[in-house]
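One-based numbering, in listed order, for ligands and for the atoms of each.
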Amino acid sequence: MHDGSGRIAVQNLTKQFGAVTAVQNLSFTVEPGSVTGFLGPNGAGKTTTLRMVLGLVTPTAGLATINGRPHNQLGNPARVVGAVLENEGFHPKRTARNHLRVYAAAIGVPDQRVEEVLGLVGLTPAADRKAGGFSLGMRQRLALATALLGDPQVLVLDEPANGLDPEGIAWLRTFLRSFAQQGRTVLVSSHLLSEVEQTIDQVVIVSAGMTRYYGPLEQLRNSQRSRVLVQPADANGLVKALQEAGLNEVEPTPDGRVAVAGASVQQIGDLAAKAGIAVYGMQEDKADLEKLFFQLTSPQYGAAAMPYGQQPPPQQPGWGTPPQGYPPQPNPYQSPPQGYPQQGYQQPQQPQQPGQHQSWGGQQ
Ligand SMILES: Nc1ncnc2c1ncn2[C@@H]1O[C@H](COP(=O)(O)OP(=O)(O)OP(=O)(O)O)[C@@H](O)[C@H]1O
């Protein structure tokens with residue numbers, strides 16, 4: 001029997017497809033009552049990991065459990081975990097309602113539940129339309145409705161925002177948050193941090209099959225430091241005055257301003273006034289979470305310094321196996337990279353073959 005905890009645990013999971021290491025020694029836990037984002041660029045190993053969690057791919061090494069059990073030992077898995085994977089297949093001539101009735105019968109839930117899940121995902125008005133005529137967003141909703149049929153404790157969703165319009169994304173966000181607020185577990189993958197940033201509390205960031213960060217999103221956000229760009233009458237004089245006041249992360253910028261980290265606008269203004277230096281303007285330069293995400297998932301990350309003003313988040317407990325050379329020393333004198341990100345997406349270890357994902361169907 002499973003332990004009923006609603007916890008997903010991934011322990012040292014590895015998957016090798018021939019010469020391709022899709023997932024490498026990945027470990028993380030997804031706790032109930034939270035929405036965990038599983039983030040990484042294309043080819044990072046997200047889908048492979050989720051499919052191992054769902055018992056659709058056999059790990060080369062390691063273990064994935066839900067409620068303390070591998071998926072194939074869950075008993076009635078549809079009652080424990082609902083999943084939406086890429087390329088869900090629906091019979092094009094079957095209506096949404098009939099599609100759901102077929103699956104409801106297969107997992108032994110009454111037709112009444114079909115009406116409930118249609119309502120939950122907002123598909124009641126389209127219930128008698130054929131799935132073949134559905135938009136991508138409607139298909140996503142139908143896939144979610146199918147996953148919800150067994151009233152599962154755990155939801156695993158692979159790129160669920162794909163194909164949803166902004167209204168659909170907002171709806172999904174509200175839906176997932178309220179699902180988690182009922183004490184249930186949500187694991188949702190995406191290659192775009194911005195798409196799920198407002199939905200998730202925890203984040204697992206992967207790149208090249210390895211964990212780059214694992215922990216609360218808030219901690220990742222707080223790990224970044226912003227700076228203040230000051231436009232003074234006398235840049236050298238201001239640098240000197242700030243340094244004399246104990247502010248060491250101060251540097252002149254090429255455009256004649258002074259960049260200051262670790263001090264507030266008010267502090268800088270007061271010190272400038274005390275030194276008799278006129279200040280014509282100050283601007284807060286907030287560090288950007290999306291930039292940090294790109295930095296974390298860039299293949300060059302091990303060799304690159306963090307962008308200006310950003311500190312790497314604390315290593316424990318959040319960090320997985322870091323790339324060699326990690327953590328780089330933050331360099332307060334480095335200008336923000338031009339045209340960043342230059343390498344948002346990593347190169348897969350082997351080129352992807354066309355149609356490689358074609359066999360990937362739904363979990364049901
Ligand atoms: N069945 C397979 N046979 C061979 N290689 C595979 C197979 N499935 C995945 N891979 C490879 O494993 C790596 C990880 O792929 P995966 O689909 O898990 O990444 P992903 O993070 O989900 O990417 P995406 O966001 O593009 O879906 C890729 O290099 C991919 O080509």
Side-chain angles (χ1 to χ4, degrees), residues 8 10-28 30 35-64 71 81 83-89 136 139-140 143-144 147 155-164 169 172 186-197 199-200 202-214 290 293-301 320-321 323 341 343-363:
I8 301 173
V10 167
Q11 295 159 33
N12 306 109
L13 213 53
T14 295
K15 181 66 191 180
Q16 198 85 34
F17 291 108
V20 179
T21 306
V23 175
Q24 202 175 331
N25 204 25
L26 203 64
S27 298
F28 61 88
V30 183
V35 182
T36 298
F38 190 38
L39 292 167
N42 291 130
K46 304 180 299 293
T47 299
T48 305
T49 303
L50 297 185
R51 291 177 72 82
M52 287 193 278
V53 168
L54 297 165
L56 298 168
V57 165
T58 310
T60 306
L63 184 66
H71 191 274
V81 54
V84 176
L85 296 177
E86 286 177 318
N87 304 336
E88 294 279 354
L136 190 51
R139 286 207 296 275
Q140 290 281 43
L144 184 57
L155 263 184
V156 174
L157 312 175
D158 197 7
E159 303 267 359
N162 269 356
L164 292 182
I169 290 176
L172 183 68
V186 183
L187 178 60
V188 52
S189 83
S190 178
H191 59 276
L192 287 176
L193 176 59
S194 54
E195 206 170 64
V196 292
E197 196 183 331
T199 312
I200 61 178
Q202 310 286 324
V203 64
V204 180
I205 297 179
V206 286
S207 163
M210 290 182 279
T211 318
R212 305 296 171 171
Y213 176 79
Y214 156 42
E290 194 77 31
F293 174 61
F294 278 118
Q295 193 91 11
L296 285 170
T297 56
S298 153
Q300 277 80 36
Y301 177 60
T321 314
Q343 283 263 4
Y345 292 80
Q346 66 183 59
Q347 295 299 317
Q349 288 163 336
Q350 292 241 315
Q352 291 212 17
Q353 299 302 312
Q356 198 163 24
H357 291 186
Q358 273 172 4
S359 62
W360 297 4
Q363 186 241 342

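- Between Q140 and L164 the shortest heavy-atom distance is CB-CD2, 4.2 Å.
- For the residue pair T14 and Q24, no side-chain donor N or O sits within less than 3.5 Å of a side-chain acceptor on the partner.
- Near N42, with a cut-off below 4.0 Å to any heavy atom, the atoms of ligand 1 are 23 (O), 24 (P), 25 (O), 26 (O).
- In summary, the atoms of ligand 1 found under 4.0 Å from a heavy atom of T48, numbered by their order in the structure, are 9 (C), 15 (O), 16 (P), 18 (O).
- On a distance-only criterion, H191 and ligand 1 share no N/O pair closer than 3.5 Å.
- The shortest distance between side-chain heavy atoms of E159 and S190 falls below 4.5 Å.
- At least one heavy atom of P41 lies less than 4.0 angstrom from ligand 1.
- Side-chain atoms of L54 and L85, non-hydrogen and from C-beta on, do get closer than 4.5 Å to each other.
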### Task
Mind running side-chain hydrogen bond (donor to acceptor under 3.5 Å, both in side chains) on S27 and Q11 for me, showing each step along the way?
CA-CA 5 Å; S27 298; Q11 295 159 33; over 6 Å; no
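- Relative to atom 19 (O) of ligand 1, the option among G45, A19, G40 with the closest non-hydrogen atom is G45.
- Looking at V20 next to ligand 1, no N or O pair under 3.5 Å apart turns up.
- Within the 4.5 Å cutoff, side-chain heavy atoms of I8 are placed close to those of V156.
- Looking at V30 and Q202, their side chains never come closer than 4.5 Å, going by heavy atoms from C-beta outward.
- Remark: distances from the non-hydrogen atoms of E159 to ligand 1 include one below 4.0 Å.
- The N/O atoms of A44, backbone and side chain alike, include one that comes under 3.5 Å of an N/O atom in ligand 1.
- Taking all heavy atoms of S190, G209, A22 into account, the minimum distance to atom 12 (O) of ligand 1 is reached by A22.
- Ligand 1 has no nitrogen or oxygen under 3.5 angstrom from a nitrogen or oxygen of T49.
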